[in-house]
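All chains are named by letter (A, B, ...) in the order of the sequence lines, taking the proteins before the strands, and each is independently numbered beginning at 1. The figures that follow rest on heavy atoms only: side chains count, while hydrogens, waters and symmetry mates do not.
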Amino acid sequence: MSGSEILSTLLGSEVRGDLLVLFHRNPGLIDTVDGVARRIGRTTVAIISEVRELLVLGVLRQKRIGASEVVFLDRAKDRELLESVANHLKTIRIGEER
Amino acid sequence: MASRVRESGWNNSLDNFESVSKSLSPDQRFAAEKEFSVVLVSTVREAVGNALGRNVLEILTSKGLLDDASNSKEFDRKLELLFGNGAAVLERIVVKDLNRKLGIRYDSEASFDYEKSLETARETCFMESRLK
């Protein structure tokens, strides 16, 4: 997947943006999808498909703890993906490069 | 910083902004503009850093994205060149953070206009200056 495609997926919706900010601000966060939805002030229904996109990308991972399915940030994968994004952005000129 | 929660009704805000801006002395206006610029740039830095990490933020800084973040049209143009459709998501993150800092209500269901949202935030900063 190219840096451009990763970027499009990460910023594919406002909810995905909110999820990124939540997990980057709280990189150790482990919570159910319901809990994550509450933390960003949305409903489970509103975020479920967005969480799925981030799971497919690999930035989030899922595991079972007791009776609950929880999601958390895969820090290594997140670093790797953001590095690809950074490398992609380096190649774009916006006219006032130093 | 204001802790009151305000409605970000846009219809009245341009008129209010004009009258608030005119009621300030040049010094107060300069200070208010400066204060707003500082708040905005720090919010943009936090928003981009939190969404896409420090490396991306550094690259954007080196590309001059934050040189004139108060110029919403120019910022919008640069952001779109870099992020395409993702620019709107970043702008929403910026406005959400900015509104939280200034005590302005943010409605994610409402239609979104970055420039208008910044004007509302600027007006709030000017109001704060007038009350000081």
Side-chain angles (χ1 to χ4, degrees), chain A residues 1-27 29 37-43 45-47 50 53-54 57 59-60 73-98, chain B residues 5 42-69 71 73-101 105-114 117:
Chain A
M1 204 178 208
S2 70
S4 162
E5 288 168 324
I6 294 166
L7 190 53
S8 296
T9 307
L10 289 175
L11 298 181
S13 71
E14 187 183 353
V15 171
R16 259 179 259 171
D18 286 347
L19 290 168
L20 283 180
V21 170
L22 174 71
F23 280 101
H24 286 152
R25 276 187 185 152
N26 307 279
L29 177 67
R38 270 195 300 276
R39 286 173 193 269
I40 61 170
R42 295 179 189 270
T43 62
V45 174
I47 76 160
E50 309 297 336
E53 288 290 336
L54 296 180
L57 186 63
V59 66
L60 295 185
L73 182 74
D74 183 332
R75 297 192 208 192
K77 186 70 179 178
D78 181 52
R79 258 197 306 275
E80 182 192 311
L81 292 168
L82 291 182
E83 204 175 304
S84 297
V85 169
N87 289 334
H88 160 67
L89 290 173
K90 277 180 196 164
T91 65
I92 302 176
R93 290 188 63 84
I94 58 170
E96 294 164 44
E97 324 274 305
R98 288 172 195 151
Chain B
V5 175
S42 83
T43 305
V44 170
R45 291 186 68 84
E46 283 167 26
V48 173
N50 282 328
L52 297 171
R54 238 177 315 169
N55 284 350
V56 168
L57 177 62
E58 280 169 20
I59 289 164
L60 299 185
T61 305
S62 76
K63 287 180 177 290
L65 182 80
L66 303 174
D67 288 354
D68 194 12
N71 182 343
K73 273 189 186 148
E74 187 58 12
F75 181 74
D76 194 41
R77 185 190 71 82
K78 289 175 182 172
L79 217 55
E80 271 195 45
L81 278 173
L82 288 160
F83 295 102
N85 292 337
V89 172
L90 281 177
E91 286 176 348
R92 277 182 178 269
I93 294 171
V94 168
V95 168
K96 210 178 294 180
D97 272 8
L98 189 62
N99 283 10
R100 185 178 42 79
K101 286 179 182 177
R105 194 173 73 91
Y106 176 82
D107 180 4
S108 61
E109 303 299 317
S111 65
F112 180 76
D113 185 317
Y114 183 66
S117 301

Any side-chain heavy atom of A:Leu82 within less than 4.5 Å of one from A:His24?
-> yes
Look at A:Asn87, A:Leu20, A:Leu19 and state which one has the largest set of heavy-atom pairs under 4.5 Å with chain B.
-> A:Leu20
Can you check whether B:Leu79 reaches B:Leu65 side chain to side chain, under 4.5 Å on heavy atoms?
-> yes
Applying side chain to side chain contact (heavy atoms under 4.5 Å, CB included), run through B:Phe83 and B:Val89 and close with a yes or a no.
-> CA-CA 9 Å; B:Phe83 295 102; B:Val89 172; over 6 Å; no
Considering only heavy atoms, which portion of B:Leu60 lies under 4.5 Å from any heavy atom of chain A: side chain, backbone, both, or neither?
-> side chain
For the residue pair B:Ser42 and B:Lys101, establish whether any side-chain heavy-atom pair is separated by less than 4.5 Å.
-> yes
Portion of B:Ile59 that has a non-hydrogen atom of chain A nearer than 4.5 angstrom | side chain
Let me know if A:Arg79 has heavy atoms under 4.5 Å from chain B in its side chain, its backbone, both or neither.
-> neither
Per-residue contacts, residues 45-52 of chain B versus chain A, heavy atoms under 4.5 Å | B:Asn50, B:Ala51, B:Leu52
Side chains of A:Ile92 and A:Leu89 in contact at under 4.5 Å (non-hydrogen atoms) = yes
Can you name the residues that form a salt bridge (charged side-chain N to carboxylate O under 4.0 Å, His left out) with A:Asp74, not counting sequence neighbours?
-> A:Arg61
Any salt bridge between A:Arg42 and A:Glu14, counting N to O under 4.0 Å?
-> yes
Heavy-atom pair with the smallest gap, counting every atom of B:Gly64 and B:Lys78 | O-NZ, 3.0 Å
Any side-chain heavy atom of B:Lys63 sitting closer than 4.5 Å to one from B:Leu82?
-> yes
Report the residues that fulfil side chain to side chain contact (heavy atoms under 4.5 Å, CB included) with B:Glu80, sequence neighbours left out, ordered by chain and then residue number.
-> B:Asp76, B:Ala87
B:Val44 side chain near B:Phe75 side chain, heavy-atom distance below 4.5 Å | yes
Residues of residues 4-12 of chain A with any heavy atom under 4.5 Å of a heavy atom in chain B = A:Leu7, A:Leu10, A:Leu11
